[in-house]
Visitor: 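The structure's right below; bear with me while I get my questions together.
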Amino acid sequence: MHSATLAINETLQARRAAGEKVLHLGFGEAGLPVPESVAAVLAGAVRRNGYGPVVGSAEAREAAAGWFTRRGLRTRPDQVLFAPGSKALLFALLATVPGDVVLPCPSWVSYAAQAALIGKRTIDVPIPAESGGVPDPERLAAALDEARRAGSRPGALVLTVPDNPTGTVARAERVQEVCAVAERHGLTVIADEIYAELVHAGRAPSATSYLPERTVVTTGLSKSMALGGWRVGFARVPDGVGGAGLMDRLTGVASEIWSSLAAPMQAAAAHVLADPPEVLSHIDDARRLHAAVARAVHAEFTAAGALCRAPEAGFYLYPDFEPLRPRLEARGIDGGAALAATLLDRHGVGVLAGEAFGDTPRGLRARVATSLLYGESDTERRQALRSDDPLSLPWIAASLEHLRGALGGLTA
Ligand code: PMP
Ligand code: GLU
């Protein structure tokens, strides 16, 4: 089955191409232009046509090690592995780390789908009320005991800090508590930190602070640099318990599936991960824009009567229309799929139903991605990135207006 995020992107693009007016809140693509210096580095690397080492070039691994180290996580180049997107790395990790897979619920669409492709069971544990990306620590311990009684062998725990779909950042105490449970149960933590550069204020906690020898970090340039289509992902494998063995096994999987990240992309990665000033200021601008637009969209959903955690990182919201259930049920909307279908078919707003993220089909919840509102062209997107008041740009203001009308129509 086609992954729900990519499927809705293609559906919404096709509707737009056919002339429909559709507000695209369905896909987590960071819709921003490529900085000139980064484009120039890629252009200059176009003649690099050798495969190179499976783990990545020496210069890219060195740059990634420096990048982690400058963020407080001492890393050697031999702990780094590059891949065409962190999605491929997550698949390789789920295939490599022994045992079944523990997931926060809701969580990003591909973890459970990848585990199913590999033939592993998943153990879903609800997130705490205040923020997503980690399981509720108390429920985690009980769920692990119950899973074992049912014959499951939990081996990996995926944490998404900051989170997709909720757009929140788990509190450090929660991450610490969850790591303590993971340690007691001998789990390997797969810390998906792809949104770590996009925390609206402050920094996100990392499982590497609490369980350094059992935490593998995955990340990439898709979100912070809006380079999703360039497919640059990388992992940091720990020292300690099984670290070296894990690196060998991961490299083996990589060698049998993707051979290496495209060589010109490794040159781009080496440039970006050296933190040159223009890259850092591009990310600062992006972070500010994501925060401003996510906050404005959040205000629209809460004004319409939905419950919604305030956005803290990246460009997602996860509104819950439960307070409006009687009104929505009277219109035949009894779950997330009907909610998303009505928003799209009657109001021209594309969102993804919560069940794509493992949520219960009955929940009146959907994931809203706000990062495709910045403009249709590079010129508009560049203007949005540079603006002190992006909400006043006519195309962004018009989208917010469209959303307001849609939500008004949905709940009237
Ligand atoms: N993790 C999360 C939480 C994501 O939202 C995404 C979105 N693409 C990915 C991983 C994978 O990103 P990529 O393969 O582009 O690195
Ligand atoms: N991660 C993005 C999302 O959640 C899209 C890309 C993908 O799923 O691979 O919408």
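Read the numbers this way: they start at 1 and go in the same order the structure lists the ligands and their atoms.
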Visitor: Is Asn164 touching ligand 2 with its side chain, its backbone, both, or neither, if touching means heavy atoms under 4.0 Å apart?
Guide: side chain
Visitor: Would one find an N or O of Gly28, backbone or side chain, under 3.5 Å from an N or O of ligand 2?
Guide: yes
Visitor: Please confirm whether Ser222 comes under 4.0 Å of ligand 1, counting heavy atoms of the residue only.
Guide: yes
Visitor: Can you name the atoms of ligand 1, numbered from 1 with element, that are less than 4.0 Å from a heavy atom of Tyr111?
Guide: 3 (C)
Visitor: Heavy-atom contacts under 4.0 Å between Glu29 and ligand 2: side chain, backbone, both, or neither?
Guide: neither
Visitor: Where is the nearest protein heavy atom to atom 11 (C) of ligand 1: which residue, which atom, and how far?
Guide: Ser86 OG, 3.4 Å
Visitor: Are any of the N/O atoms on Ser110, whether in the backbone or the side chain, positioned under 3.5 angstrom from an N/O atom of ligand 2?
Guide: no
Visitor: Can you name the atoms of ligand 1, numbered from 1 with element, that are less than 4.0 Å from a heavy atom of Gly85?
Guide: 14 (O), 16 (O)
Visitor: Among protein heavy atoms, which sits nearest to atom 9 (C) of ligand 1, and what does the distance come to when rounded to 0.1 Å?
Guide: Trp108 CH2, 3.4 Å
Visitor: List ligand 2 atoms under 4.0 Å from Tyr316, heavy atoms only on the residue side.
Guide: 2 (C), 3 (C), 4 (O)
Visitor: For ligand 1, does Phe91 get within less than 4.0 Å through its side chain, its backbone, both, or neither, judged by non-hydrogen atoms?
Guide: neither
Visitor: Do Asp320 and Arg365 meet the salt-bridge criterion of a basic N to acidic O distance under 4.0 Å?
Guide: yes
Visitor: Taking atom types as modelled, find out whether Tyr318 and Asp163 have a side-chain donor-acceptor pair closer than 3.5 angstrom.
Guide: no
Visitor: Under 4.0 Å from a heavy atom of Asn164: give me the atoms of ligand 1 that qualify, with their elements.
Guide: 3 (C), 4 (C), 5 (O)
Visitor: Give a yes or no on whether a salt bridge exists between Glu59 and Arg48, defined as a side-chain N under 4.0 angstrom from a carboxylate O.
Guide: yes
Visitor: In plain terms, say whether Arg16 and Glu376 are close enough for a salt bridge, that is, a side-chain N and a carboxylate O under 4.0 Å apart.
Guide: yes
Visitor: Flag the pair Arg15 and Asp345 as a salt bridge only when some basic side-chain nitrogen lies within less than 4.0 angstrom of an acidic carboxylate oxygen.
Guide: yes
Visitor: Would you tell me which option among Thr160, Asp192, Leu89, Leu221 has the nearest heavy-atom contact to atom 2 (C) of ligand 1?
Guide: Asp192
Visitor: Show me which atoms of ligand 2 lie under 4.0 Å from any heavy atom of Thr5.
Guide: 3 (C), 4 (O), 7 (C), 8 (O), 10 (O)
Visitor: Is a side-chain donor or acceptor of Asp136 paired with a backbone partner of Ile127 at a separation under 3.5 angstrom?
Guide: no
Visitor: Can you check whether Ser3 has an N/O within less than 3.5 Å of an N/O in ligand 2?
Guide: no
Visitor: Got the closest protein heavy atom to atom 14 (O) of ligand 1, with its distance?
Guide: Arg231 NH2, 2.8 Å
Visitor: Could you check Arg71, Lys223, Arg287 and say which one makes a salt bridge (charged side-chain N to carboxylate O under 4.0 Å, His left out) with Glu197?
Guide: Arg71
Visitor: Any atoms of ligand 2 less than 4.0 Å from a non-hydrogen atom of Lys223? List them with their elements.
Guide: 1 (N), 2 (C)
Visitor: Just how far is it from atom CZ of Arg367 to atom OH of Tyr316, taken to the nearest 0.5 Å?
Guide: 5.0 Å
Visitor: How far is atom 8 (N) of ligand 1 from its nearest protein heavy atom, and which residue and atom is that?
Guide: Lys223 NZ, 3.0 Å
